[in-house]
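Worksheet: the structure to be examined is printed underneath.
Count residues from 1 along the sequence.
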Amino acid sequence: MTPDLSFECLFISHDPEVFGIVNRVLRDLSISTNICLSSSKAAALLEKNDTDLIVIDWDGNGSSDLLHEIWKPSKRKNPTIVAILPVDCHPPGVHVVLKKPVTADSGMKSLKTAYSLMLHEHRRHARCALMMSVKATDDSNRDVPVTVLDISDGGVGLSSKEKLAIGEVLSFRLLLPGAIKDIYFQARILWIKDYGRAGGEFVRIPPVDLTILHDWLKRKIQIKKPLITI
C-alpha cells in the first residue's frame, strides 16, 4: 500500500489505447498505477516491490512466464491478477479476464470485480496493533496471562511469559478500543517464536461478537475511497 493507503497497480501494456481506457478506470477507483511496457521488465520490478493489483495486456509467452513468476512461492504478498486477452479464455492463476476490444464499460466492470477481490483480501490479512493484556484460559482451564499484540479478521498475535504449545486453544474476552462491548473468541496456536511470541487462528467467535470485530476492523483498516460507487 502507498503511504496514503491506496491500492497499487502494476500495469503491463505497450498499447496506448488500452492504457488510456484502463488507466482512467484505475484513477476512478483511486488506485495508484505504475506502467511497464514489457512482461520481462515487470518481473524485475516485482522482485523489488509488492503490489496489490497486476493488469497484464496479454502478449503470449512473455505474459505466461510472468504469471509463472508471480505465483512462485515467495515472501511477497499475492496480488490480484487481471488479464486483458483477445480471445475468450481464462489462464490459470488469473482472477479476472478483460476481453478485447476494451471499452470503458467492460473495463469498469472487470476492474470493479478486481477491486472487490483486493478489498476482501486486504481486510482478511491486514493486522491492527493492540498491545492489550488479558487473562486467557487453555484447554485444561489453566489461567494464562497473555498480551494481544495485534488482531485481524482471521486471528491474533500474542505474547506470553507462560509456555504455550502449538495446537492448544486459548479462550478469552477482549474489549477492543472504542468497541461497544467486549468480544469472546477461541484461538488455536499456530506458531511460536522466541521471547514468547505466538500466532493463533480463530476457531470460534459468536456471531454477534464476529460482527463487532468486523465493524471495528473496517473502521481501523481504511483505504482511499474510489471516486465512483462500487
Side-chain angles (χ1 to χ4, degrees), residues 1-8 32 46-53 70-80 95 115-225:
M1 304 289 285
T2 58
D4 59 350
L5 296 179
S6 64
F7 285 123
E8 287 189 334
S32 175
L46 289 174
E47 286 295 322
K48 301 177 182 178
N49 302 294
D50 282 336
T51 189
D52 305 285
L53 173 67
I70 291 169
W71 291 118
K72 277 184 178 179
S74 69
K75 293 183 179 179
R76 67 168 179 257
K77 62 184 177 184
N78 295 329
T80 298
H95 298 100
Y115 185 91
S116 296
L117 292 173
M118 285 191 295
L119 192 60
H120 174 75
E121 285 298 299
H122 175 63
R123 286 175 174 168
R124 190 163 71 93
H125 294 291
R127 291 186 170 272
C128 292
L130 281 181
M131 199 61 68
M132 301 180 68
S133 297
V134 298
K135 185 175 288 186
T137 303
D138 67 8
D139 298 322
S140 59
N141 289 321
R142 175 179 64 113
D143 288 339
V144 182
V146 299
T147 299
V148 181
L149 303 176
D150 54 57
I151 191 167
S152 71
D153 190 61
V156 288
L158 304 170
S159 176
S160 179
K161 293 181 180 179
E162 300 290 328
K163 186 176 182 180
L164 303 176
I166 292 176
E168 75 173 314
V169 174
L170 297 179
S171 306
F172 52 93
R173 306 194 73 89
L174 179 68
L175 180 61
L176 297 167
I180 57 174
K181 67 179 289 290
D182 59 2
I183 61 174
Y184 170 83
F185 56 82
Q186 296 177 333
R188 179 186 294 112
I189 302 300
L190 293 181
W191 54 264
I192 298 172
K193 293 184 179 179
D194 295 336
Y195 308 109
R197 292 285 300 267
E201 64 172 350
F202 294 137
V203 292
R204 180 176 179 270
I205 306 180
V208 173
D209 292 354
L210 184 60
T211 298
I212 293 173
L213 174 61
H214 284 170
D215 290 344
W216 187 85
L217 287 171
K218 285 180 182 179
R219 293 195 301 271
K220 294 295 182 180
I221 305 170
Q222 294 290 335
I223 60 170
K224 193 172 182 179
K225 291 185 177 180

Are the side chains of [X] and [Y] in touch, meaning some heavy atoms are under 4.5 Å apart?
| X | Y | value |
| --- | --- | --- |
| Leu213 | Phe185 | no |
| Leu119 | Phe7 | yes |
| Leu46 | Thr51 | yes |
| Ile183 | Trp216 | no |
| Ile189 | Leu158 | yes |

To the nearest 0.5 angstrom, please state how far the [atom1] atom of [X] sits from the [atom2] atom of [Y].
| X | Y | atom1 | atom2 | answer |
| --- | --- | --- | --- | --- |
| Glu121 | Leu53 | CD | CG | 13.0 Å |
| Cys128 | Arg219 | SG | CZ | 10.5 Å |
| Ser159 | Met131 | OG | CE | 8.0 Å |

Taking side-chain contact (heavy atoms from CB on, under 4.5 Å) as the definition, give me every residue that meets it alongside Asp143, ordered by chain and number, with sequence neighbours left out.
Lys135, Thr137

Quick one: ring pair (Phe, Tyr, Trp, His ring centres under 6.0 Å) pairs with a partner in residues 134-168, sequence neighbours left out?
none

Pairs satisfying ring pair (Phe, Tyr, Trp, His ring centres under 6.0 Å), at least one member in residues 127-147, at least two apart
none

Indicate the atoms forming the closest heavy-atom contact of [X] with [Y], along with that distance.
| X | Y | answer |
| --- | --- | --- |
| Asp52 | Ser6 | OD2-O, 4.5 Å |
| Ala187 | Val203 | N-CG2, 4.3 Å |
| Tyr184 | Ile205 | O-CG2, 3.6 Å |

Keeping to residues at least two apart or across chains, list the side chain to side chain donor-acceptor pair (under 3.5 Å) pairs with something in residues 193-207.
Arg188-Glu201

Main chain of Gly196, side chain of Ser160: is a donor-acceptor contact present, judged purely on distance under 3.5 Å?
no

Hey, could you give me each pair passing salt bridge (Lys or Arg N to Asp or Glu O under 4.0 Å) that has a residue in residues 155-166? Not counting sequence neighbours.
Arg142-Glu162

Residues 167-182 side chain polar contacts: donor-acceptor under 3.5 Å, at least two apart:
| residue | atom | partner | partner atom | Å |
| --- | --- | --- | --- | --- |
| Glu168 | OE2 | Ala165 | N | 2.7 |
| Ser171 | OG | Gln186 | NE2 | 3.3 |
| Arg173 | NE | Asp182 | OD2 | 3.2 |
| Lys181 | NZ | Asp209 | OD1 | 3.1 |

Pairs of donor and acceptor atoms involving the side chains of residues 144-154, under 3.5 Å and at least two apart or interchain, shall be tabulated with distances.
| residue | atom | partner | partner atom | Å |
| --- | --- | --- | --- | --- |
| Asp150 | OD1 | Arg127 | NH1 | 2.8 |
| Asp150 | OD1 | Gly157 | N | 3.0 |
| Ser152 | OG | Gly154 | N | 3.2 |
| Ser152 | OG | Gly155 | N | 3.2 |
| Ser152 | OG | Gly155 | O | 3.4 |
| Asp153 | OD1 | His214 | NE2 | 2.6 |

